[in-house]
Amino acid sequence: MRLQRLTYAAALIQLCLIQAQNPLQYPSSSPEETLLDDAFNRKVLEHFHIPGLAISIVHDGKAFAQGYGYSGISTSTPVTENTLFFTGSTTKAHTSAAISLLMDDNNNFPQIQWNTPIHTLLPSDFTLSNPSLTSQITITDMLSHRSGLPRHDIVLLQNITTQQIIQRTKHLPLTAEIRMEFHYFEVVSGLPIATFLKERLWTPLGMDETYMDIEPAGRYITRTSTARGMSSRLCSDYANWVSALLEREAPISKEGYTALFGAHSIVSGVVSEPFSGPNYKGHTLIQHGGSQDGFGALVVMLPGEGFGVTVLGNEMVGTNGASWVLAFELIDRVLGVAGEERFGWEALVDAQLQQSKLTNDTLSALYPTLPPTSELLPYPLDLSSYEGIYTHPAYPILRISSTCPERTPLKNPEKWTGSRLCASFENHAAFASELELDIFHVTGTYWTLVFWFAGRGDAARVEFRISPGGGVSEVGVDFEPGMKVRGEKIWLTRV
Ligand SMILES: *[C@@H]1O[C@H](CO)[C@@H](O)[C@H](O)[C@H]1NC(C)=O
Ligand SMILES: *[C@@H]1O[C@H](CO)[C@@H](O)[C@H](O)[C@H]1NC(C)=O
């Protein structure tokens, strides 16, 4: 991943004004205010090249929220009480909360229980490539990322409806047994989820400016890059949300909170510093991040301390890193962790960002056993023979061409024969219009796909199959990381 080079000037500060019907108090000068170290926060913003972000804190029933920087890269509009952010995967908790409300309503939804198999609710749409798993996967499995279905993020780049995405799951390879791994997938209830969330969750919680999509028109934040709609929010609404979770308030029931905060799956068997199991310095910690192109988010709660922090920013990679630095600065202050006992979050995040950059080393790692460049094998057919349309029942339609624009920042990999193809997704969603795909020839039938999107780069192995008739018949791409580690590709057929 390449950090976007952003023009960035001195940060401006704005308080987030809070709605009147809000159950929380937002004193103009509160103990929470002193928790926020403006100089520190501005330094972090600058270090991670983020145009703007908002932080909200909830502590002992009081809330404080503040914005830093600008609402976009080419604007001098500061982040204010009106600034909306896309909140990415932090909205998964809203989905779970909404489903808990259906669980509570046994008069109207007796069929919806935590252990209800999804297939019984969506019999014609929801099937997986393994029929026995189809009948077993329950609502809890889906919401706990333990369905066995890996992310398959590329599928979501298409201009198709949520229903079509669900229908295509039967064509997606599974990488893990049920209840084994942390996987992403969201299920839509049979109800219009946007209306349900607004009426049953957000309005009761005073979250009046939380939306399912980029509405109301013109109010959403200036994008730093392409973004797609899920849910947007200003920092004070998330303070209401976090406060309700901490206090276990309505509309979510006691039973609902038990299910939401219960442990459902082991995300990683590896415990690394500064954590010692599912807690931080002996305190239970509940968190979920969010990423989408152009935006990052993090919600962290310490229920035992009645403390929660939300960080929302308008640059994805930077905010995903900065949010940990910012959140743990506050958590350490609340817990009174002394300077010398504090963990070096900034150094850890810097090292991770460095590692995730696309370099020659990333490309060599895809094919660790390659001979010297002079011994690489030629490709067996003319470059133009690889051109064409390639399809898969679930993945986007891939158009491969041998007439390519000059564009990829990494246009000179270390090990390649000097030939390049390029590709595009025919049916991409509007937000994916800036996607750039280049395919560098490595050796024989092996190639490397370099993928640039919203300032991030990634690489995958590519392999072409040639039919006995002598034409290119299929292309295999390491699109799915969960399959890549097992050496399995997604194969698209040439039409
Ligand atoms: C990758 O390696 C090539 C060939 O050695 C070199 O010309 C190029 O500058 C390198 N690119 C990067 C981004 O390091
Ligand atoms: C996406 O699909 C809809 C409905 O088929 C169509 O109206 C719209 O123009 C498409 N958008 C893009 C970016 O192709």
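We count ligands from 1, going down the list as the structure has it; atoms in each ligand are counted the same way.
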Is the ring centre of Tyr395 less than 6.0 Å from the ring centre of His392?
yes
Just how far is it from atom CD of Gln287 to atom CG of Leu298, taken to the nearest 0.5 Å?
6.0 Å
Describe, in one word, how the ring planes of Tyr379 and Trp447 are oriented to each other, choosing from parallel (under 30°), tilted (30 to 60°) and perpendicular (over 60°).
tilted
Verify the contact flag for [atom], where contact means a protein heavy atom under 4.0 Å away.
atom: atom 4 (C) of ligand 2; result: no
atom: atom 14 (O) of ligand 2; result: yes
atom: atom 7 (O) of ligand 2; result: no

Quick one: do Arg420 and Glu406 make a salt bridge, cutoff under 4.0 Å?
yes
Nearest protein heavy-atom contact for atom 1 (C) of ligand 2: which residue, which atom, what distance?
Asn159 ND2, 1.4 Å
